Number of protein chains: 2
Amino acid sequence: MSDSQARFEQLIAKLRTSEYRLTPQRVELIRLIAASDGHPSASELYNQIKVQFPTMSLATVYKTLDLLKELGEVLEIGLRDDSHYDGNKPYPHPHLICMKCQKIMDGELELAVKNIVQEVEQNFGFQILKHQLDFYGLCPDCQKQKE
Amino acid sequence: MSDSQARFEQLIAKLRTSEYRLTPQRVELIRLIAASDGHPSASELYNQIKVQFPTMSLATVYKTLDLLKELGEVLEIGLRDDSHYDGNKPYPHPHLICMKCQKIMDGELELAVKNIVQEVEQNFGFQILKHQLDFYGLCPDCQKQKE
DNA sequence: AATTTGTAGAGAATTATTATCCATAACGAG
DNA sequence: CTCGTTATGGATAATAATTCTCTACAAATT
């Protein structure tokens, strides 16, 4: 069984045990989220869904994403212009955003993040509950095309 | 001479040498930005200015902030809902944002930031041009009020 | 099957920001 | 000091993402 299928079933199970209704719209959105290895935005998800569910509305996408956020199963990457969502790593982690191709990569830096969070808490007496660490620049691919 | 006055004159000089016009509106905005030790938002600045310049429009605030951004004299802290601006430290630095009182503090962590940026560049081959590091939680004051 | 209640859909509302257009004010030239 | 050029400010409309409102329907419960 593929990872995305496992993730799909995990999310479905979560919804079911949380006593939320399993509507076709939700199932489809969850399927897409589990299948996506990237960081889709609400409107990207909406456009994909519209193919199969022409009646689906953007508001429903937002509602369902909010639901999954509440359940802690989706991380909202709240960028200034429009948000993107990560349904596979629903905990804060750094993102590397290419300023040329707009690709969003995950930064696997658990140790470094833990260190810097600890430093902030110690130096400033701040109790950190979540964080958003975004690095903007050029991804390896776009550096090669150098232009 | 106070720091804010020095900063004010520095910004005025920068505008003048950049061959931009020194309008009363710009002078007043710059005065406020230099005087603020915090991280005002566009509308906060607008509300302060309106007292003296009732005709000032919000668009003008944005235009002037954009101008100062271009000159590299103001840092935009692009939060999801509305942006805030820092006219005294116009280079990327971490921010600590209190989820209760909404206060924004600066994180002075130059070494730690340099380290994590370096780690990102090495581990992922990403060339980092700027970053935005936001830590959300409870400031010392709000922790004391524990509620 | 009836009832209650959650949810989807349509579209309006909200909010931050940007663009347009024109009268006016700033500033260098004379 | 005045004038003319031209950037700039103000009003307003446009955009865009997101949220709200309301209604009808669908799902679970009885």
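If you're wondering where the values come from, they're calculated on a predicted model, not measured in any experiment.
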Over how many whole Å does the gap from B/Glu28 atom CD to D/dG10 atom C1' extend?
17 Å

B/Pro24 has a side chain; which of C/dA26, C/dG9, D/dT18 sits nearest to it?
C/dA26

State yes or no: are the ring centers of A/His39 and A/His95 separated by less than 6.0 Å?
yes

Heavy atoms under 4.0 Å, any strand shown: does B/Ser43 hit a base, just sugar-phosphate, or nothing?
nothing

Flag yes if more than 12 heavy atoms outside B/Asp37 fall under 6.0 Å of its CG atom; otherwise flag no.
no

By nearest atom, which of the nucleotides C/dA25, C/dA16, D/dG10 is closest to the B/Arg21 side chain?
C/dA25

Rounded interatomic separation in angstrom, taking CD1 from B/Ile77 and P from C/dT17:
12 Å

Between P of D/dT18 and CD of A/Glu44, the distance in whole Å
11 Å

C/dA26, OP1 or OP2 - any side-chain N/O from B/Thr23 closer than 4.0 Å?
no

Any donor-acceptor pair, under 3.5 Å, between the side chain of A/Lys63 and the base of C/dG6, if you only look at N and O atoms?
no

Could you say whether B/Tyr20 or B/Tyr85 is positioned toward the 5' end of DNA chain C, judged by the nucleotide with the nearest heavy atom to each?
B/Tyr85

What's the CG-P distance between A/Leu58 and D/dT21, to the nearest Å?
18 Å

Could you tell me the separation between the CZ atom of B/Arg16 and the C1' atom of D/dT8, rounded to a whole number of Å?
17 Å

Between A/Lys130 and A/Glu76 (salt bridge meaning N to carboxylate O under 4.0 Å), is one present in this structure?
no

Go nucleotide by nucleotide along DNA chain C from the 5' end; which of B/Glu76 and A/Thr55 gets its closest nucleotide reached first?
A/Thr55

Have a look at A/Leu22 and say if it touches a base, only the backbone sugar-phosphate, or nothing, with a 4.0 Å heavy-atom cut-off.
nothing

Does B/Lys69 come within less than 4.0 Å of B/Asp66, counting only side-chain N to carboxylate O?
yes

NZ/NE/NH1/NH2 to OD/OE distance under 4.0 Å, A/Asp141 and A/Lys103:
yes

Check this for me, if you would: do A/Glu108 and A/Lys89 make a salt bridge, where the nitrogen-to-carboxylate-oxygen distance has to be below 4.0 angstrom?
yes

To the nearest Å, how far apart are A/Leu15 CG and D/dA27 P?
15 Å

Checking D/dG9, D/dA11, C/dT17 against the side chain of B/Thr60 (C-beta onward), the nearest is D/dG9

Length of the OH-C1' vector between B/Tyr62 and D/dA14, whole Å
15 Å

I want to verify a distance call: between D/dT18, C/dT7, D/dT8, whose nearest atom is closest to the A/Asp82 side chain?
D/dT18

For C/dA25, does OP1 or OP2 lie under 4.0 Å from any side-chain N or O of B/Gln25?
no

Quick one: on DNA chain D, does A/Ala59 or B/Phe53 contact a more 5' nucleotide (nearest heavy atom)?
B/Phe53

Could you give the CG-to-C1' distance, from B/Leu79 to C/dT15, as a whole number of Å?
15 Å

Would you say B/Arg26 places a side-chain N or O within less than 4.0 Å of OP1 or OP2 belonging to D/dG9?
yes

